[in-house]
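Structure record follows, encoded as C-alpha cells.
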Amino acid sequence: MSVVIVGATGHLGRLVVEELLERGTPAGEVVATGRDADRLAALAERGVRTARADLDDPATLPSALAGADTLLLISTSEPGRRLPQHRAAVEAAAAAGIGHIVYTSAPRADDTTLVLAPDHKATEELLAASGIAHTVLRNNWYNENYESQLYAARDHGAFVGGAGQGRVPSASRRDFAAAAAVVLADPAAHAGAVYELTGDTAWTYPELAATLSAVLGTEVVYKDLSTAEHIAALVEAGLDEGTASFVAALDANIRDGVLGEPTGDLRRLTGRPSTPIADTLRDLA
Ligand SMILES: NC(=O)c1ccc[n+]([C@@H]2O[C@H](COP(=O)([O-])OP(=O)(O)OC[C@H]3O[C@@H](n4cnc5c(N)ncnc54)[C@H](OP(=O)(O)O)[C@@H]3O)[C@@H](O)[C@H]2O)c1
C-alpha cells in the first residue's frame, strides 16, 4: 500500500500522517505533499516521502502521485476556488492509475443549505463520475474552530455569535485524522462509503459559554446576535465585509440545525470516544 496525501502541510493533513505512522504504516509508504514541500522537511527526516503538489499547477501532480495506490484529497482552503483544484486532483489521480480516493467533505454535502457545501457537493459528484473507487469523509465541525471564542472569553469574559440554540456535534481534528487513517489503512473495506463524521455529543453556544467558564475558571457570557448584528460586530472587530458575511452565514446555518446530530460514524471508525470540546479548549488555553 502507498498513500499520497494532498494537503499534508495543513493542520489536518499533518495529523493524518502522524496517525498513519502511529498505526503502523511504514513511513516509506506515505507520500506527504504540499504547495511548499520545504515545509515537509521534518517528515522527510522521519522517512516519509515528500513531494510538491499544487492543485493550481497541475504539472506538479504526475510525479507527486506516481506509483501511489490511494489518494487522500483534503479539501483545499478557499471556498469558491476549490472545485477546479479538486478536479485537477481527481484527473491526475485517474491519469496516475490511483485505485482509491478518500475525500474530506462537509456535513450532508449533497442535501444541505450549508453555505460552504456547494464545492463539496460538486466534488462528490466528480468522484462519482470518475469511476475511481472512493470514500467520502463528511467531517463535521472541528473543536478547534472555537479557538477565537476562547481568546475572546479570556480577554473579555464574553463572546458573540449568531447560532441561537443551534447544536454543534464537533470533534477534534485529531479524531477526524484518526478516522481518515483507519480508512486509508484498508480503503477497499470502505469503498463507496459516505461517512457523516461527528463528535459523540452536540452542544449549543450557551453551553459553550459554560464550558469556557469551566476551562478558564471565570464567568463567560454568550451574547446571541441577529445575523445583521453579527456581521456588524465582525466588521468592527476587523474582518472585511465578505468574510464577516460568510462567518455570520455559517452561524445562521448552525442556528437552523444544519450541522445535525451525532451519528456515531466517527466513533465506530476510530473505536474510541471523540474528544470533548472542553479538552481541546483546555489544551489550547
Ligand atoms: N470541518 C471543519 O470544521 C473545517 C474547518 C476549516 C476548514 N475545513 C476544511 O478542511 C480542510 C482541512 O482543514 P485544515 O484545518 O487542515 O486546513 P488548513 O490547515 O488550512 O490546510 C489546508 C491544506 O490545503 C492545502 N491547499 C490549499 N490550496 C491548495 C492547492 N492549490 N494545492 C494543494 N494544496 C492546497 C494547504 O496547503 P498550504 O499549507 O500550502 O496552504 C493545506 O495543506 C480545509 O482546507 C477546509 O477545506 C474544515
Side-chain angles (χ1 to χ4, degrees), residues 4-19 31-43 50-61 63-65 71-93 102-109 112 114-124 136-149 163 168-181 195-199 202 243 246-247 250-251 253-254 258-260 263 265-266 274-275 277 280 284:
V4 59
I5 294 159
V6 166
T9 49
H11 294 90
L12 181 66
R14 282 181 185 280
L15 293 172
V16 174
V17 174
E18 292 299 336
E19 287 283 341
V31 186
T33 78
R35 289 187 285 195
D36 176 1
D38 290 348
R39 291 176 48 210
L40 299 163
L43 288 174
T50 63
R52 176 164 179 260
D54 182 346
L55 300 179
D56 290 319
D57 182 4
T60 61
L61 302 180
S63 59
L65 271 50
L71 165 67
L72 172 63
L73 172 58
I74 293 181
S75 52
T76 55
S77 29
E78 289 173 68
R81 289 200 56 213
R82 294 191 277 217
L83 185 55
Q85 296 168 337
H86 296 168
R87 183 180 292 114
V90 174
E91 287 175 358
V102 179
Y103 173 64
T104 63
S105 188
R108 305 188 213 172
T112 179
L114 183 64
V115 288
L116 49 68
D119 293 341
H120 293 292
K121 178 174 194 264
T123 303
E124 291 188 11
V136 176
L137 306 176
R138 290 183 178 161
N139 290 345
N140 212 292
W141 257 214
Y142 302 152
N143 289 343
E144 289 85 348
N145 291 349
Y146 293 90
E147 191 171 1
S148 63
Q149 283 76 358
V168 182
S170 67
S172 70
R173 277 201 193 89
R174 186 102 205 183
D175 295 331
F176 293 114
Y195 294 112
E196 293 283 352
L197 301 180
T198 70
T243 308
F246 190 73
V247 172
L250 286 174
D251 262 13
N253 279 155
I254 294 173
V258 159
L259 294 186
T263 63
D265 280 1
L266 177 63
S274 67
T275 307
I277 189 164
T280 302
L284 290 170

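Here the structure is a predicted model, which means the values were calculated and not measured. Ligands are counted one by one from 1 in listed order, and the atoms in each one are counted from 1 as well.
Closest to atom 9 (C) of ligand 1 among all protein heavy atoms lies S75 OG, 3.7 Å. Considering only non-hydrogen protein atoms, atom 39 (O) of ligand 1 sits nearest to T9 OG1, 2.6 Å. The shortest contact between atom 15 (O) of ligand 1 and any protein heavy atom is with R173 NE, 2.9 Å. Remark: minimum distance from atom 16 (O) of ligand 1 to any protein heavy atom is reached at L12 N, 2.7 Å. The single protein non-hydrogen atom nearest to atom 32 (N) of ligand 1 is L55 N, 2.8 Å, given as residue, atom name and distance. From the protein, the heavy atom lying nearest to atom 40 (O) of ligand 1 is R35 NE, 3.0 Å. The closest protein non-hydrogen atom to atom 25 (C) of ligand 1 is G7 CA, 4.2 Å. Taking atom 13 (O) of ligand 1 as the reference point, the nearest protein heavy-atom neighbour is Y142 OH, 2.9 Å.
Distances shorter than 4.0 angstrom occur between a heavy atom of I74 and an atom of ligand 1. In this structure, T33 has no heavy atom closer than 4.0 Å to ligand 1. Ligand 1 is never approached by E144 to a heavy-atom distance shorter than 4.0 Å. Look at A53 and you'll find a heavy atom under 4.0 Å from some atom of ligand 1.
In terms of polar-atom proximity, T76 is counted as a contact of ligand 1, with an N or O under 3.5 Å from an N or O of the ligand. Checking only distances, T104 never comes within under 3.5 Å of ligand 1, N or O to N or O.
At a threshold of 4.5 Å between non-hydrogen side-chain atoms, the residues V115 and F246 count as touching. Annotation: side chain of V4 is in contact with side chain of T33 (closest heavy-atom distance under 4.5 Å). Taking the side chain as every heavy atom from C-beta outward, N139 and L12 approach each other to under 4.5 Å.
Taking the six-membered ring where the residue is Trp, the centroids of Y142 and H11 are separated by 6.0 Å or more.
Evaluation of the side chain to side chain contact (heavy atoms under 4.5 Å, CB included) rule for A179 yields L197, L266, L269, T270 as partners, not counting sequence neighbours. Annotation: side-chain hydrogen bond (donor to acceptor under 3.5 Å, both in side chains) contacts of E91 (sequence neighbours excluded): none.
Only the side chain of R39 comes within 4.0 Å of ligand 1, judged by heavy-atom distances. The proximity of Q85 to ligand 1, defined as any non-hydrogen pair under 4.0 Å, is limited to the side chain.
Here the CZ-CD distance, from R138 to E124, works out to 4.0 Å after rounding to the nearest 0.5 Å. The line from CG of D119 to CZ of R82 is 4.5 Å long, rounded to the nearest 0.5 Å.
With 3.5 Å as the limit, one finds a donor-acceptor pair spanning the side chains of D175 and T275. Using modelled atom types and a 3.5 Å distance limit, the side chains of Q85 and D56 yield a donor-acceptor pair.
Taking every heavy atom of W141 and a limit of under 4.0 angstrom, the matching atoms of ligand 1 come to 3 (O). Close approach of ligand 1 to G10 (heavy-atom distance below 4.0 Å) involves ligand atoms 16 (O), 19 (O), 21 (O), 42 (C), 43 (O). If you number the atoms of ligand 1 from 1 as listed, the ones under 4.0 Å from a heavy atom of D56 come out as 31 (N).
Under the 30°/60° scheme for interplanar angles, the aromatic rings of H120 and H86 are found to be tilted.
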